[in-house]
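This report refers to the structure that appears directly beneath it.
What you see is a predicted model; the values in this text were computed from it and never measured.
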Amino acid sequence: DDLTTIAVDGGNFSIANGATKKLKVIGIFKNGTGILDNANLTFTSAATATATVATSGLVTGKAAGNTNITIAVTAKPAMASIVGVTVTAS
């Protein structure tokens with residue numbers, strides 16, 4: 001496997017309370033880049049009261065504030081990326 005790192009397309013983002021955003025995760029390989037299948041990733045929200053994230057990578061704003069979403073490669077948990085999320089009042 002020549003995957004070297006992962007990153008969220010677009011980086012940190014803001015969403016309104018009650019809104020959703022689907023994360024698109026980029027894989028950086030030794031020979032280029034490509035979109036990763038979210039089924040092969042694990043998503044975790046640091047503050048689920050602020051924003052939740054489904055296993056599909058769908059983020060939902062729950063309350064105004066800030067949190068981080070950690071995305072890890074399921075088969076390689078040490079390979080992870082963190083994206084900041086700001087939830088604004090709707």
Write down the atom of [X], the atom of [Y], and the distance for their closest heavy-atom approach.
{"X": "Thr52", "Y": "Ser45", "result": "CA-CB, 4.5 Å"}
{"X": "Ala7", "Y": "Ser81", "result": "CA-OG, 3.8 Å"}
{"X": "Val87", "Y": "Ala51", "result": "CG2-CB, 4.1 Å"}
{"X": "Ala49", "Y": "Ala63", "result": "O-CB, 3.4 Å"}
{"X": "Thr4", "Y": "Met79", "result": "O-CE, 3.7 Å"}
{"X": "Thr48", "Y": "Lys62", "result": "O-CG, 3.8 Å"}

Side-chain contact test, heavy atoms from C-beta onward, threshold under 4.5 Å: evaluate it for [X] versus [Y] and give yes or no.
{"X": "Ile6", "Y": "Leu36", "result": "yes"}
{"X": "Thr86", "Y": "Phe13", "result": "no"}
{"X": "Val25", "Y": "Phe43", "result": "yes"}
{"X": "Ile35", "Y": "Lys24", "result": "yes"}
{"X": "Leu58", "Y": "Val53", "result": "no"}
{"X": "Asp2", "Y": "Asn31", "result": "yes"}

*side chain to side chain contact (heavy atoms under 4.5 Å, CB included) evaluation trace for Ile15 with Thr88*: CA-CA 6 Å; Ile15 59 172; Thr88 59; over 6 Å; no
*Identify whether Ile69 and Val8 are in the same connected component of the hydrophobic contact network (ILVMFWY, side-chain heavy atoms under 4.5 Å).*
yes
*Determine, stepwise, if the pair Val73 / Leu41 fulfils side chain to side chain contact (heavy atoms under 4.5 Å, CB included).*
CA-CA 5 Å; Val73 177; Leu41 302 169; 4.1 Å; yes
_Atom pair OG1/CD1 of Thr5 and Ile28 - distance to nearest 0.5 Å_ = 5.0 Å
*Roughly how far, to the nearest 0.5 Å, is CG of Asn17 from OG1 of Thr60?*
10.5 Å
_With a 3.5 Å distance limit and no angle check, can you tell me whether Asn38 reaches the backbone of Ser56 through a side-chain donor-acceptor pair?_
yes
*asked:* Closer than 3.5 angstrom, by distance alone: can the side chain of Thr74 be matched with the main-chain N or O of Asn40 as a donor-acceptor pair?
replied: yes
_Criterion side chain to side chain contact (heavy atoms under 4.5 Å, CB included) against Val85, the qualifying member of Thr50, Leu23, Thr67, Asn12_ = Thr67
